[in-house]
Amino acid sequence: MRVEIWSDIACPWCYIGKARFTKGLAGFAHRDEVEVVFRSFELDPHSAKGVTAPVVEMLARKYGRTLEEARGMEEHVAAAARAEGLAYRTEGRDHGNTFDVHRLLHLAAARGRQEELLDLAYRANFAEERSVFDPEALIALAVEAGLDGAEARAVLADASAYADEVRADEREAAELGAGAVPFFVLDRRYGISGGQPAEVFTRALEQAWAGREGSEPGPAAEACEPDGACAVPQS
């Protein structure tokens, strides 16, 4: 069975959702027969390359909140991440264009190291003092994931390298009706939106394996919408 996951490295609910899916998959009896493929989805594809802004300031502008309220929104996401055993920094993170990250993830997929690079990029963006928007930092992450540094550098230097693959993933997401991420598709028959609880993923995997045509939808889950808005406003 194939599970495809559309996500963006800038999306905290993708970071959290991946951890929850991994736990859900661990509880699935046929987990060793599941192929997981990660697909590209840019939350803010029109943002200028090389231009970043603090996440807290972006959230304040998006929701018309004060900086203090925006920090509270980040704390809400951080609490969810920490509940899954994930480290999460609420200060000092930047938001920017992730197209180059997605291009490198396609290189990593071609070399059999996609999930390794994805996990490192998530950790760098959400938990560490490393920027995924800096080319040298990206190359270092690629090397850490087991890729050849010279090849990674060449991909970043060539704007066309793996660009078509990223765009193809994004077109597929639109065709499948994915308006927010993370978005999970099981055998192209069953779609799950948002960072659902682990047990929802386990149940969905079991239902897909059984070949059922449909199922009761899971509870609403938090997700990231295009334009970079990810946190849930606090009342």
Side-chain angles (χ1 to χ4, degrees), residues 5-23 38 40-102 104-105 115-145 156 180-182 194-198 221-235:
I5 306 174
W6 273 263
S7 59
D8 192 1
I9 199 65
C11 163
W13 292 110
C14 297
Y15 177 48
I16 295 165
K18 182 179 184 297
R20 291 174 176 173
F21 172 78
T22 299
K23 292 177 182 178
F38 297 94
S40 299
F41 188 107
E42 293 173 273
L43 287 173
D44 196 1
H46 303 298
S47 61
K49 181 179 177 180
V51 177
T52 61
V55 167
V56 169
E57 292 181 12
M58 179 274 292
L59 291 172
R61 287 195 304 271
K62 166 65 182 176
Y63 290 110
R65 299 299 182 96
T66 66
L67 290 177
E68 189 59 33
E69 288 171 332
R71 290 187 185 97
M73 293 159 68
E74 271 286 87
E75 287 294 345
H76 168 79
V77 181
R82 291 165 186 157
E84 302 300 330
L86 301 171
Y88 193 101
R89 292 188 300 124
T90 57
E91 295 286 349
R93 293 197 304 107
D94 287 334
H95 176 80
N97 186 290
T98 57
F99 191 61
D100 281 348
V101 184
H102 286 293
L104 275 188
L105 284 168
E115 188 166 10
E116 288 82 357
L117 180 57
L118 181 63
D119 285 339
L120 288 167
Y122 274 142
R123 192 168 70 210
N125 189 45
F126 292 109
E128 300 176 346
E129 297 286 344
R130 289 197 282 179
S131 174
V132 295
F133 307 108
D134 174 70
E136 291 303 319
L138 273 181
I139 292 167
L141 288 172
V143 171
E144 192 173 342
L156 292 182
V181 285
Q196 301 280 358
E222 290 152 313
C224 294
E225 300 174 354
D227 76 7
C230 296
V232 175
Q234 302 298 288
S235 57

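Nearest heavy atom pair, residue Ala53 against residue Arg61, reads CB-NH2, 4.2 Å. Considering all non-hydrogen atoms of both residues, Ala198 and Lys23 come closest at CB-CB, 3.8 Å. Val132 approaches Ala121 most closely through the heavy-atom pair CG1-O, 3.6 Å. Taking all atoms of both residues into account, the shortest heavy-atom contact from Val77 to Pro12 is CG1-CB, 3.5 Å. Shortest non-hydrogen contact noted between Tyr88 and Ala81 is CD1-CB, 3.9 Å. The nearest pair of heavy atoms linking Ala60 to Ala70 is N-CB, 3.8 Å.
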Point to revise | Derivation of the side chain to side chain contact (heavy atoms under 4.5 Å, CB included) call for Val51 and Asn97 | key: CA-CA 8 Å; Val51 177; Asn97 186 290; over 6 Å; no

Check your understanding: Given the rule in the side chain to side chain contact (heavy atoms under 4.5 Å, CB included) test, do Lys18 and Glu115 qualify, once you have shown the distances and angles that lead to the verdict?
Key -> CA-CA 11 Å; Lys18 182 179 184 297; Glu115 188 166 10; 2.9 Å; yes

Review point. Checking side chain to side chain contact (heavy atoms under 4.5 Å, CB included) for the pair Glu42/Phe99: CA distance, chi angles, key distance, verdict?
Key: CA-CA 7 Å; Glu42 293 173 273; Phe99 191 61; 3.5 Å; yes

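A distance of 10.0 Å separates CG of Leu138 from CZ of Arg130, quoted to the nearest 0.5 Å. Taking CZ from Arg123 and CG from Leu141, the interatomic distance works out to 9.0 Å, rounded to the nearest 0.5 Å. Here Leu118 contributes atom CG and Leu105 contributes atom CG; the two are 5.5 Å apart, rounded to the nearest 0.5 Å. From His95, atom NE2 reaches atom NZ of Lys62 across 10.5 Å, with rounding to the nearest 0.5 Å. Atom CG of Asp94 sits about 9.5 Å away from atom CD of Glu57, to the nearest 0.5 Å. Here the OG1-CD distance, from Thr22 to Glu84, works out to 10.0 Å after rounding to the nearest 0.5 Å.
Asn125 contributes a side-chain N or O that, together with a main-chain N or O of Ile9, makes up a donor-acceptor pair within less than 3.5 Å. Judged by distance alone, with hydrogens and angles left aside, the side-chain atoms of Thr98 form no donor-acceptor pair with the main-chain N or O of Val101 at under 3.5 Å. Judged by distance alone, the side chain of Asp8 and the main-chain N or O of Leu43 form a donor-acceptor pair under 3.5 Å. Under the 3.5 Å distance criterion, the side-chain polar atoms of Arg65 are left unmatched by any main-chain donor or acceptor of Leu59. Judged by distance alone, the side chain of Arg20 and the main-chain N or O of Gly195 form a donor-acceptor pair under 3.5 Å.
By the 4.0 Å N-to-carboxylate-O rule, Glu74 lies too far from Arg71 to be salt-bridged with it.
Relative ring orientation between Tyr15 and Tyr122 is described as tilted, the plane-to-plane angle lying within the 30° to 60° band.
At a threshold of 4.5 Å between non-hydrogen side-chain atoms, the residues Ile5 and Phe21 count as touching.
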